[in-house]
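Everything on this sheet refers to the single structure shown next.
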Amino acid sequence: MSGINRNQMAWRAAQDIEDGMIVNLGMGLPVLAGDYVPDGRDVFIHAENGVIGCGPLATPEAADTDLVDAGSRRITLRPGASIVDSTASFAMIRGGHIDVTVLGAFQVAANGDLANWDMRLPEKGPLVGGAMDLAACARAVWVIMEHTTRKGEPRLLQACTLPLTAVRCVTRIFTDLAVIDVIDAGFLVREIAPGITQEELQAKSGAPLHFAADCRTIAAPELAESV
Amino acid sequence: MSGINRNQMAWRAAQDIEDGMIVNLGMGLPVLAGDYVPDGRDVFIHAENGVIGCGPLATPEAADTDLVDAGSRRITLRPGASIVDSTASFAMIRGGHIDVTVLGAFQVAANGDLANWDMRLPEKGPLVGGAMDLAACARAVWVIMEHTTRKGEPRLLQACTLPLTAVRCVTRIFTDLAVIDVIDAGFLVREIAPGITQEELQAKSGAPLHFAADCRTIAAPELAESV
Amino acid sequence: MPIDKRVAAAAAAMDGVRDGAVVLISGFGGAGFPNVLIRALCERGLRDLTLVVNSATHRYSVTHELIEAGQVRKVVCSAARGHAKGLSAFEERWKKGEIELECLPQGSFAEKIRAGGAGIPAFYTPVGFGTELAAGKETRRFGDRDYVLETAITGDLALIRADRADRYGNLAFRYAQANFGPAMATAARLSVAEVRIIEDAPLAQPDIQLAGAFIDRVVAVGDMP
Amino acid sequence: MPIDKRVAAAAAAMDGVRDGAVVLISGFGGAGFPNVLIRALCERGLRDLTLVVNSATHRYSVTHELIEAGQVRKVVCSAARGHAKGLSAFEERWKKGEIELECLPQGSFAEKIRAGGAGIPAFYTPVGFGTELAAGKETRRFGDRDYVLETAITGDLALIRADRADRYGNLAFRYAQANFGPAMATAARLSVAEVRIIEDAPLAQPDIQLAGAFIDRVVAVGDMP
């Protein structure tokens with residue numbers, strides 16, 4: 001039971017990014033989703049450090065120390081991009097001006113609670129960054145994550161056990177096994193990876209799953225897993 | 001008993017504006033004070049609409065609809081001037097970044113309470129503008145006003161009878177008859193207009209006056225009263 | 001589909017605005033009045049509007065046309081007094097009890113709008129404490145000073161004026177033209193800008209003073225009349 | 001006397017800074033770190049500093065030099081984790097209880113500093129509600145949502161980096177260089193900027209992104225090393 005690969009997960013999330021949206025992408029898989037936004041959809045990617053309209057990564061020759069995203073990556077600007085300071089950038093986030101944020105996560109609860117910032121690493125200091133602002137205030141909060149931990153423990157839970165990022169915020173989850181909405185009744189499976197049964201999915205989840213009447217198979221193209 | 005004229009009042013207030021200060025001037029006499037800042041003192045005049053560094057009024061040929069002060073006067077910019085929006089302009093005021101504001105007033109109380117925004121005109125709507133922000137938050141609040149009303153009633157009072165602009169805010173008052181500091185004990189007369197006795201000044205004031213040990217005569221140059 | 005926020009006419013820029021709308025209107029000190037948009041709004045003939053505007057009446061603004069047309073139920077402002085000798089259209093109706101008035105210190109007016117756009121439901125300010133404009137408002141002491149609790153303002157529609165725009169709705173202002181405009185654009189559900197000119201090319205990044213993210217529609221109207 | 005905020009050397013720009021100072025330091029995402037000023041501060045050999053800085057440790061910043069030198073008592077930040085495999089200088093001292101840590105959501109961190117410079121003693125934000133970062137903080141419901149009360153941050157010293165300055169302390173930033181700098185400059189008693197270049201002529205009005213009113217001293221340090 002393998003599910004879809006990480007590039008396919010990013011691809012699948014990207015399909016739901018709508019034309020004209022302002023989108024904030026967390027590090028890792030969410031940023032990768034940015035590369036798979038379908039052609040013809042005009043999207044502004046926001047970075048917490050104030051860039052409104054991130055373009056592709058800069059080539060080594062074009063790289064500029066001052067033109068970076070929140071992950072310190074040297075980027076370019078898309079046409080129509082602008083840049084504001086941190087106060088204005090977070091005013092924009094908190095004020096509900098980000099249409100969707102796509103975040104990584106450790107755990108999501110059936111009521112939409114999100115835990116994505118603190119794994120309780122005993123040796124490391126805490127790092128919250130803009131995660132709480134984005135999770136609490138973006139109009140839609142989507143998560144991309146593996147359906148279970150490496151040890152096989154479920155990440156979809158009745159209640160999160162790790163420290164929360166924000167309460168009742170997640171609206172959609174893209175995993176290697178399914179696409180799941182969070183609704184009042186809990187987890188609603190919309191799509192399921194090829195070859196996975198509903199029973200198998202439930203067995204890998206820590207809270208009851210509802211299945212949409214029109215629940216279908218995730219239709220992702222073949223995409224080689226990046227190294 | 002005439003006291004000094006309005007130009008001399010403005011001149012006198014201007015002498016206390018220090019080198020390097022950021023100053024906000026209310027309409028009328030306070031703006032006039034801006035013209036009398038001694039040569040060689042480098043001052044930035046702030047206007048509530050966001051201009052930091054107002055220059056002289058524009059000539060009719062140079063006048064620009066978009067380059068105005070808070071009183072809708074077409075102005076110029078001084079070297080080094082910048083302009084911010086209203087939110088930032090009032091953040092600057094409220095944050096204590098204006099060294100001194102010079103305001104007109106109807107009444108000042110012995111505890112520094114200021115009444116300068118509402119004369120209770122029965123026919124007119126209220127107009128507070130930025131007066132409360134400036135009075136409550138500038139580092140120093142100075143008032144230029146006639147010592148009494150046209151009817152001869154005192155404007156320096158034990159307690160204001162008109163609606164307050166801000167409590168305990170005024171630190172210095174320039175009238176046609178005196179220069180008065182507001183200290184914990186009440187009004188302290190620092191300077192007195194030529195030919196006015198302490199008894200005459202007290203008679204025209206509605207609260208006890210203290211007189212500084214070194215109280216002296218206001219030394220204003222001859223300045224013709226403007227028409 | 002390439003983003004394109006340009007609208008050909010001011011009338012079309014008012015599509016969807018309804019009776020009872022809360023309308024934020026920029027302009028201060030004679031600069032930044034979106035007079036073409038205010039007239040277009042007036043022509044829709046709506047009722048029960050609330051205007052959030054620094055001056056209820058200003059000699060360079062045409063808000064009085066909305067007021068004279070009986071379209072305004074309430075005004076939130078810092079200045080409600082006309083310049084002329086007689087009563088302004090606003091003052092006349094206000095005195096008769098036909099228009100409700102909320103008068104605010106100008107900095108609180110600006111900050112409440114900024115809060116509305118920035119997801120801050122309420123904040124404390126020292127301004128107004130001990131005055132009748134704070135009557136009935138909650139107060140609280142922090143350190144050795146007293147503060148007034150002010151809540152956010154949001155609106156259904158923002159009308160603002162800028163100098164230049166591009167198809168993305170990015171705006172550049174001249175001199176003191178911005179004033180309340182940038183904050184208002186962040187605080188309204190539908191934000192419309194009138195500008196002197198819409199450039200064919202995107203505005204250069206350092207020239208952009210308000211991100212197009214906050215603007216829904218932009219209309220080129222040429223110079224101020 | 002003509003205003004002139006230029007200082008010849010970074011060391012002189014630290015004049016008057018004392019033990020126990022609360023120091024606001026800009027920089028985020030790799031841009032806007034005032035590394036020359038941080039080193040100059042370090043060379044003063046002060047004690048018990050509180051650093052208000054987005055990242056306790058960042059691979060493009062030299063705040064770790066202050067930490068390694070034992071000059072830091074407390075860090076207020078949104079990111080307290082090093083990039084390297086091992087413990088960062090901060091993490092090591094924090095684990096030993098030698099440095100106090102206040103970790104904040106980044107937007108609350110920014111807004112608290114903005115509030116400090118804008119005369120707002122406290123504000124409500126939805127961010128952090130229901131999380132351990134809001135533990136012990138006052139909460140309040142407005143409408144159908146719960147909010148956390150956050151109080152202002154002010155400092156004794158702000159160290160920020162910009163691209164260009166003039167004698168008045170006016171600043172222009174490049175791209176994402178501004179980040180926390182403008183807010184920090186408004187919130188500190190003494191605000192110092194390092195810049196690539198100080199122009200002889202005043203910066204043009206539309207180019208000024210932070211008014212010199214907020215800057216006390218400016219030092220030209222050339223390009224980032």
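Numbers restart at 1 for each chain; the letters A, B, ... are given by sequence-line order, proteins then strands. Computed from heavy atoms alone, side chains included, the values below leave out hydrogens, waters and symmetry copies.
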Is it the backbone or the side chain of [X] that comes under 4.5 Å from a heavy atom of chain D, or both, or neither?
X	result
A:L67	both
A:D69	backbone
A:A70	both
A:D64	side chain
A:R168	neither
A:L77	side chain
A:S89	neither
A:L164	both

Between [X] and [Y], a side-chain donor and acceptor under 3.5 Å:
X	Y	result
D:D146	D:T139	no
A:D176	A:H147	no
A:T161	A:Q107	yes
D:S78	D:N54	yes

Are the side chain of A:N116 and the backbone N or O of A:G104 linked by a donor-acceptor pair below 3.5 Å?
yes

Any donor-acceptor pair under 3.5 Å linking the side chain of D:Q71 with the backbone of D:C42?
yes

Return the minimal non-hydrogen interatomic distance between D:F28 and D:F180, and the atom names on each side.
CB-CE1, 3.6 Å

What part of [X] gets within 4.5 angstrom of chain A, counting heavy atoms only: side chain, backbone, both, or neither?
X	answer
D:I113	neither
D:E91	side chain
D:F173	neither

Beyond-backbone contact of D:T125 with D:E111, side-chain heavy atoms, under 4.5 angstrom
no

For chain A, which of [options] has the most heavy-atom pairs under 4.5 Å?
options	result
D:P126, D:S26, D:A176	D:A176
D:A56, D:A79, D:A178	D:A79
D:G107, D:A183, D:G30, D:A31	D:G107
D:Q209, D:R174, D:K95	D:R174
D:P182, D:A110, D:G86, D:A80	D:A80

Taking every non-hydrogen pair under 4.5 Å, which of A:D85, A:V84, A:I93 racks up the most with chain D?
A:D85

Residue from A:G50, A:C137, A:A131, A:P126 scoring the most non-hydrogen pairs under 4.5 Å with chain D is A:P126

Checking side chain to side chain contact (heavy atoms under 4.5 Å, CB included) for the pair A:L103/A:T165: CA distance, chi angles, key distance, verdict?
CA-CA 11 Å; A:L103 299 169; A:T165 307; 5.9 Å; no

Check D:D163 with D:R196, please: is the shortest side-chain N to carboxylate O separation under 4.0 Å?
yes

Is the ring centre of D:H58 less than 6.0 Å from the ring centre of D:H83?
yes

